[in-house]
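Working notes, structure below.
Throughout, protein chains are lettered first and strands after them, A, B, ... in sequence-line order, and every chain is numbered starting at 1.
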Number of protein chains: 2
Amino acid sequence: MPDALPALKSHHLGKDILAETPAYDLIELFFFAYRDFVSDPDRILDEYGFGRAHHRVLHFVSRNPGLTIAELLDILRITKQSLNRVLKELIEKDFIESRMGTSDRRQRLLFATIQGRELALKLAKLQTRRIMRALSGMEPEAKDAVSRYLLSLIDPDESAHVKQLVFGSGET
Amino acid sequence: MPDALPALKSHHLGKDILAETPAYDLIELFFFAYRDFVSDPDRILDEYGFGRAHHRVLHFVSRNPGLTIAELLDILRITKQSLNRVLKELIEKDFIESRMGTSDRRQRLLFATIQGRELALKLAKLQTRRIMRALSGMEPEAKDAVSRYLLSLIDPDESAHVKQLVFGSGET
DNA sequence: ATTTTATGTCAGCCTTATTGACATATCTCA
DNA sequence: TGAGATATGTCAATAAGGCTGACATAAAAT
């Protein structure tokens, strides 16, 4: 938006008006980018008889071995009934396995099988290719800016939680 | 990710490996950010008996007065049967009106009513507040970087089309 | 005059989500 | 030890938002 400002000249409350002027560009670009981003894995998932819900579950389990049902529900923000259907299918088709918790035997600890990890990686690589293509034309600092922007877009009271989940696997 | 590089030292094909190393951070942040971003309008939409599908239709019609059905289908990437259900409801409840095309009388030109524009604006402002909060802690160049990143994430063969749709209303 | 295009509509189906109720096993704490 | 809380599973009904396929109409294009 090269020139959204001239209209402000007739106002003295520039800052308020700026704050209330809809950021249509970022709203719409977010929609289109997400639409195309999630569409990449669809063709592959189809071959396995899976949908996007399966992808999300497989992704987070593969990335976080030993994840519990409760943690997964918290990540996905769906009900246990919804989760159970797709999880059951992933377990039946041997992409995820569920082991009894060691310290708390009520818990089910989820692990991706070899097959599951392979599929999750395949899908992640596909999306990474799109991300890399987008970043390739940009300055090196851009990636960090994008990452910080997305993190700040998240509800503040959970951004720490997400930060831990996304960046916390390894160090910290 | 402070140090994803050391592993590369044992390889001579650094670039290939980097290209194939999944960008888990950007993949997951995109998921969480989008999840929270689209959740904002939900409560308000509920009051009107609308869902996210209604929001998308109302948004693009409000932003592009005189949009045709075909153009809307191309933006949303859904079937006309799916569109028709939500569109019919938006028209019945007087948030959108449909006029016969002037040059081509087969076309339906879609316009948001006053009520429709008000709701669309209300929702856009809500999402803008989140965006502004995210941008507030960042350098001024960040917004442009984010905008370019999102645009590049879109399928290349349509990015020009989206660019026109998003930025093209007004000048060009 | 025929064909193509833009739209609408009927009917049936799928996926992913929801709510509410209830069951079971296990853990925790008084 | 016994009561209650917790983690999970499951049954049933429902809703939203997609899909395919088939068919209809009006208007434009050739």
ask   = For A:Asn84 and D:dT8, is the shortest distance between a side-chain N/O and OP1 or OP2 below 4.0 Å?
value = no

message = How long is the straight-line distance from CD1 of A:Ile154 back to CG of B:Leu29, given to the nearest 0.5 Å?
response = 5.5 Å

ask   = Are side-chain heavy atoms of B:Ser147 and B:Phe167 found at a separation under 4.5 Å?
value = yes

request  = Provide, to the nearest angstrom, the distance between the CZ atom belonging to B:Arg108 and the P atom belonging to D:dA28.
outcome  = 12 Å

ask   = Starting at CD1 of B:Ile96 and ending at P of C:dT7, how long is that distance when rounded to a whole Å?
value = 14 Å

A:Ile91 CD1 - D:dG9 C1' separation (whole Å) = 11 Å

inquiry  = If the condition is side chain to side chain contact (heavy atoms under 4.5 Å, CB included), which residues does A:Leu76 pass it with, not counting sequence neighbours?
reply    = A:Arg56, A:Val57, A:Phe60, A:Leu72, A:Ile78, A:Leu83, B:Phe31

ask   = How close or far is atom C1' of C:dT7 from atom CG of B:Asp74, stated in whole angstroms?
value = 16 Å

key: Whole-Å distance separating the CG atom of B:Leu76 from the C1' atom of C:dT7   = 16 Å

Can you give each donor-acceptor pair under 3.5 Å made by side-chain atoms of residues 88-95 of chain A, sequence neighbours left out, with the distance rounded to 0.1 Å?
residue: A:Glu89; atom: OE1; partner: A:His54; partner atom: NE2; Å: 2.5
residue: A:Lys93; atom: NZ; partner: A:Tyr48; partner atom: O; Å: 3.0

task = Establish, yes or no, whether a centroid distance under 6.0 Å links the rings of B:Phe30 and A:Phe30.
result = yes

task = For nucleotides 17-26 of chain C, just jot down a letter per nucleotide in 5' to 3' order: B, S or -, based on protein non-hydrogen atoms under 4.0 Å.
result = BBBBB---BB

Non-hydrogen side-chain atoms of A:Ile114 and A:Glu118 separated by less than 4.5 Å = yes

task = Find out whether A:Ile75 and A:Val162 are in side-chain contact, i.e. whether some heavy atom of one side chain is under 4.5 Å from a heavy atom of the other.
result = no

Pairing residues for A:Arg108 by the side chain to side chain contact (heavy atoms under 4.5 Å, CB included) criterion, not counting sequence neighbours = A:Ile69, A:Ser98

request  = Grab the CD-C1' distance between A:Gln107 and D:dT6 for me, whole Å please.
outcome  = 10 Å

remark   = Taken in chain and number order and not counting sequence neighbours, the residues that satisfy side chain to side chain contact (heavy atoms under 4.5 Å, CB included) with B:Ala134 are A:Tyr149, A:Ser152, A:Leu153

message = Looking at A:His54, I'd like to know whether one of its side-chain N or O atoms comes within less than 4.0 Å of OP1 or OP2 on C:dT16.
response = yes

ask   = Using the C1' atoms of five pairs at each end, what's the angle between the two axes of the helix from C:dA1-D:dT30 to C:dA30-D:dT1, to 10 degrees?
value = 30°

task = Nearest whole angstrom, please: distance from the C1' of D:dT8 to the CG of A:Leu109.
result = 12 Å

remark   = Rounded to whole Å, the NZ-P distance (A:Lys88 to D:dT8) equals 16 Å

